[in-house]
Student: 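Got a structure here, written out as structure tokens. Questions coming.
Here is the naming used below: chain letters follow the sequence lines, and residue numbers restart at 1 for every chain. What you are looking at is a predicted structure, and each value in this text was computed from that prediction instead of being measured.
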Amino acid sequence: MKFNAVTGKDLQTLPKTLEFAEMEARLSAQWAKEKLYEFDENSPKEVFAIDTPPPTVSGSLHVGHIFSYTQTDIQARYQRMKGKNVFYPMGWDDNGLPTERRVQNYFHIRCEATAPYEPELNLPPILSVMSDKELQEKKIPQKNLSRKNFIEHCHKLTVEDEKVFKQIMTRMGWSVDWRMEYATIDDHSRKIAQLSFLDLHQKQELYQVEAPTLWDTDFQTAVAQAELEDREIPGAFHDIRFEVEGGGSFVIATTRPELLAACVGITAHPDDVRYQKWIGKYAVSPIFGVRVPIFASELVNPEKGTGILMVCTFGDQTDVLWWREQKLPLRQIVGRDGRMQAIVFDATGSFPSIQPDAANQAYAALQGKTIKQAQKIMVEQLLAAAVLVNPPKPISHAVKFYEKGDRPVEILTTRQWFVRLLDKKEKLIEYGKKIKWHPEFMEARYRNWTENLGIDWCISRQRFFGVSIPVWYRIDAQGRIQHDQPIVAGKELLPVDPMSDVPPGYVESQRGKPNGFIGESDVFDTWFTSSLTPQLASHWELNPARHKKLFPMTMRPQAHEIIRTWAFYTIAKSYLHEVSIPWKNIAISGWVLDPDRKKMSKSKGNVVTPAQFIEEQGADAVRYWTGLARYGVDTAFDPNIMKIGRRLVTKIFNASKFVLQNSAAAGEITEPLDLAFLAKLKHLAVQADRHFEQFESAQALQETEKFFWSHFTDSYLELVKGRTWTAPGAGLTSEQEKAKSSAVFATRFALKEFLKLFAPFVPYTTDEVWRWAFQEEAVSVHSTAFPTAADFEGIPDGNPEAFDVAMAVQAAINQQKTLAKVSIARPIVKLKIKAHPESLKWFELVQKDVFAATKTEKADCNANESLERLQVEVSDVEYGPDAVKG
RNA sequence: UGGCUCGUAGCUCAGCUGGUUAGAGCGCUACCUUGACAUGGUAGAGGUCGCAGAUUCGAAUUCUGUCGAGCCAACCA
């Protein structure tokens, strides 16, 4: 391979130090201008489509985002360099509870369905009006906003938040195609989500039912199984005596005495001899005097409590099971707001009592109270009635909470929409197996969750800022809502808001009237929309050609704690809609742990904001830290690693300056040492490429960095200095000129390869250097091809062993100098070298460079069979005088 | 209680399908301004690979058990 003559850069024209803040701002603007990262819809190139996670827009990006998104960006940049047509969109997950909560606090407002709409209402952030302290002292209540006003303010804040997010993302150098931006609440997403609903409705995979559902009393909405988490909280067993009809009594143990009025049955294990005699009879609840059946159930643990327990509607999920199996009556006493609702005991109604007056009197004390207050009052009543046989026994037990809630979830009977999933568990597991999981073991988590799924997917939420369920209900002449015959919006109407839009054939004035209609006020579970991210980005039914090009997507990057939600629901949706997997690969990133290896979370207060570290170390340094983490492995947050990244880019910067300052006449790479080094570099390039292909980019970085540092800067560049550096005025022989050209072209060639190898990880520094010298070849390092063996075609094969031996001898001589505590620059008059004969043979090829670099004038080389291949012994060193300074 | 990960130098981690004396970086120690870089360079100390068995000529690597940490789920009357 012939190289043209190059003129060395004047070091004075290159920056003395790396000013990363300026560089990063300049280059990211440049990239946008050059449209380096745009997806080409018409290109025949192979598509690499990324199903980017839309971050929840709720304040600030945290270091976990920086971590996992950068891993994705590294992949995207690599694939682009491999010539793929990379589709890398960004979405904003801005609907749902977290946003509502943030909006409530930010403006100090709450949504009140009955509040009148105020046109042009534009509230300022509450903290710009009064301080936190003032707000608390004056106890100013939140302003009630109509649904419409509330949603307007949600939009207003999310738009602002998204700007801030985008700024950090750009600074981090994420090569997102910003033309592909969407928000889960925008018209496009609402349309797709509602189309999804229509499709599922048409396929009869949807149903609505009035049934016990998980309910959060704070947010007053239904929640899904996937959104629950266990929390260990204190509770107490209360032993309460029940009389048996026809004589006798027993004592049940319950942690929820406040539900006594909701008692619908008693159960014990069929083999439990203590209680067998009561099975089939009726018990009478104390205080309220309600007759309830006593039945046997295998599910009862005789060891627990007293071995016999009361079934209420509903204390927990097992109660639901017994209620169904035994066809027990429904006696719901907890209201949607988490307070004891009004009920009436009488002889024959749904709360039949043998002593209605006493029951009503007792219940009057509970009505309107919260669950906690009611429990206290109930215990007092039980004590007074002498049916609480023991003092409450404190225990600590796990209770289900909505993950974002502050009080345990209740089970209430409400009308909700569900997607049928339980009948598809087998298929969903099968389709999960068709996806390649990185790392593989994460598939087990998906399978585990799917196997254990207990209830269908409840998709309706009683919230405001979300995608509307596109249905209306007829109201009959008597004013009754006909839930069983919903009017589903037609495709052409989407997106619709049934709360303001009118169904076909009706007019607005009929809303809420007999013979009229009413709009569904519920919105979708946010996962209903999020599970469509591939379809949102591909435009699915709206643009089938585009969808076909992009779907199934190539990869989904995501965190492991949302395998059961986001990954699961996305797989479910793709299966339901198109009997397809949504993506070919799913890459699970680990968590960022704090330095004490605890998970970072807002509640623990150990969250680190990334902005500070980007400012201090630069985006490339932060990217380096994330680049070292493998998929699925948790990583401790460690600013020290960023410092090492910082050191690496500084080294790249300085080594580049060194290489680029050298000039040479046209020529070829001929010297054995140069060829030997390039042979090793070729091997590295092939390895790095292989690691990338296997989703092991961390490995690629690690090997590249190691090689760059030990072989390139510490060894090779030192070894060729003698040839690249020319004393001013020194006339070179043609032989020397050739040797010089060889070194200059080899180092330049190697530098280019290194820039490309590092480009996905540290895009700024590598591109900065690229633009100093190599723009004739490509406008940016990011528009070049990733190194492969093909790059080395035309360069004669070198002997990698020769390079290894050169390094070994260099190290052995250095060691002597270190032991003698002399400067590395100290000349050596003569020394003795002993090495394996084979090694000596290789050494002959490169000894000139090694002796030049170590300033060795004369060496006596001896073969020694007993030494290992790379074992080199240096002895009898005679030093010359110190180099003359100046 | 079940499933899945992890346990290697003071710290953060590599060690892929078992094979010479177990690696890197940080930190530590000593030395060196060498013309790209002191945000540098050269060298050094530091590990019975959680523990106990088994398989094997050979185990950090495979298997079994065990201890510890974390996650996911079950239980949660």
Side-chain angles (χ1 to χ4, degrees), chain A residues 11 14 16-18 229-230 232-233 235 237-238 252-256 259 266-268 299-301 304-312 315-319 322 395-400 439 441-449 451-454 560-561 563-564 590-591 593 595 597-599 625 628-630 632-636 638 640-641 643-644 646-662 691 694 696 698-699 702-703 705-706 709-710 713-714 717-718 721 725 727 810-811 813-826 853 855 868 883 885:
Chain A
L11 285 192
L14 297 179
K16 177 87 182 108
T17 53
L18 190 56
E229 65 181 29
D230 283 358
E232 197 71 24
I233 58 165
F237 266 127
H238 300 76
I252 61 111
T254 179
T255 56
R256 303 208 53 183
L259 293 180
I266 296 289
T267 185
L299 295 174
V300 179
N301 175 4
K304 194 148 186 175
T306 56
I308 188 163
L309 61 108
M310 69 168 180
V311 178
C312 306
D316 63 33
Q317 290 196 53
T318 336
D319 282 347
W322 284 317
I395 54 160
S396 172
H397 60 161
V399 176
K400 294 228 179 293
F441 68 77
M442 289 293 180
E443 193 265 339
R445 301 214 179 169
Y446 168 80
R447 192 168 6 99
N448 221 305
W449 170 259
E451 277 165 359
N452 288 315
L453 201 65
H560 52 71
E561 79 270 24
I563 288 176
R564 66 177 189 173
W591 279 338
L593 308 174
R597 299 206 63 79
K598 296 259 160 31
K599 193 198 168 189
W625 164 67
L628 278 182
R630 293 173 304 147
V633 177
D634 296 344
T635 299
D638 190 352
N640 284 327
I641 309 265
K643 280 189 192 150
I644 297 160
R646 179 78 194 288
R647 237 174 42 122
L648 173 66
V649 295
T650 306
K651 194 73 175 178
I652 293 173
F653 173 86
N654 283 314
S656 301
K657 286 203 294 186
F658 171 73
V659 168
L660 295 174
Q661 73 177 336
N662 298 313
H691 292 313
Q694 293 169 352
E696 287 169 1
Q699 189 77 13
Q702 213 173 359
E703 286 179 20
E705 183 196 12
K706 176 94 176 67
W709 213 284
S710 70
T713 64
D714 287 352
L717 289 186
E718 294 300 330
K721 262 182 185 170
W725 179 66
Q810 184 192 22
I813 296 175
N814 284 338
Q815 186 178 34
Q816 291 300 311
K817 287 182 173 174
T818 299
L819 288 174
K821 298 194 175 184
V822 303
S823 158
I824 295 295
R826 184 79 172 266
K855 299 196 194 301
E868 300 285 334
K885 290 186 184 175

Student: What's the closest nucleotide to the A/A636 side chain, out of B/U34, B/A36, B/U12?
Tutor: B/U12

Student: Is the phosphate of B/G41, meaning OP1 or OP2, less than 4.0 Å from a side-chain N or O of A/W709?
Tutor: yes

Student: Please work out the stems of RNA chain B from pairs that are Watson-Crick or G-U wobble with both distances under 3.5 Å, keeping only runs of three or more consecutive pairs.
Tutor: B:1-7 with B:67-73, B:10-13 with B:23-26, B:28-32 with B:40-44, B:50-54 with B:62-66

Student: Nearest of B/C75, B/A43, B/C26 to any side-chain atom of A/I644?
Tutor: B/C26

Student: Does A/K706 come within less than 4.0 Å of A/E703, counting only side-chain N to carboxylate O?
Tutor: no

Student: Roughly, in whole Å, what's the span from CZ in A/R447 to P in B/C72?
Tutor: 18 Å

Student: Map A/T17 and A/V659 onto RNA chain B by nearest heavy atom, then report which one ends up closer to the 5' terminus.
Tutor: A/V659

Student: Ignoring the backbone of A/T650, work out which of B/U39, B/A36, B/A43 is nearest its side chain.
Tutor: B/U39

Student: Measure the CG-NZ distance between A/L18 and A/K651 for me, rounded to the nearest 0.5 Å.
Tutor: 14.0 Å

Student: Looking for any heavy atom pair under 4.0 Å, which part of the strands does A/T318 touch: base, sugar-phosphate only, or nothing?
Tutor: sugar-phosphate

Student: On the nucleotide B/A43, are OP1 or OP2 found under 4.0 Å from the side-chain N or O atoms that A/Q816 carries?
Tutor: no

Student: Of all the nucleotides listed (B/U34, B/A36, B/U39), which has the minimum atom distance to the side chain of A/R646?
Tutor: B/U39

Student: Whole-Å distance between B/U5 C1' and A/Y446 OH?
Tutor: 21 Å

Student: Using the six-membered ring of A/F658, assess whether NZ or CZ of A/K721 lies under 6.0 Å from its centre and within 45 degrees of the ring axis.
Tutor: yes

Student: It should be established whether A/K651 places a side-chain nitrogen or oxygen under 4.0 Å from OP1 or OP2 of nucleotide B/G41.
Tutor: yes

Student: Could you give the distance from CG (A/L259) to OG1 (A/T254), rounded to the nearest 0.5 Å?
Tutor: 7.0 Å

Student: OP1 or OP2 of B/U12 versus the side-chain N and O atoms of A/K643: is any pair under 4.0 Å?
Tutor: no

Student: When you measure only distances, ignoring hydrogens and angles, does the side chain of A/E718 come within 3.5 Å of the base of B/A36 through a donor and an acceptor?
Tutor: yes

Student: Counting side-chain heavy atoms from CB outward, which of B/A24, B/A43, B/C4 is closest to A/K706?
Tutor: B/A24

Student: I want to confirm an ordering. Mapping A/M310 and A/A811 to their closest nucleotides on RNA chain B, which one lands closer to the 5' end?
Tutor: A/A811

Student: Considering all heavy atoms of both residues, which atom of A/L717 and which atom of A/V659 are nearest to each other, and what is their separation?
Tutor: CD2-CG2, 4.0 Å

Student: Is the shortest side-chain N/O distance from A/K16 to OP1 or OP2 of B/C37 below 4.0 Å?
Tutor: yes

Student: Rounding to a whole Å, what distance do you find between A/E868:CD and B/U21:P?
Tutor: 10 Å

Student: With distance as the sole criterion, do the side chain of A/D714 and the base of B/C37 form a donor-acceptor contact below 3.5 Å?
Tutor: no

Student: Are OP1 or OP2 of B/C37 and a side-chain N or O of A/R647 less than 4.0 angstrom apart?
Tutor: no

Student: Among B/A36, B/A43, B/U12, which nucleotide has an atom closest to any side-chain atom of A/N814?
Tutor: B/A43

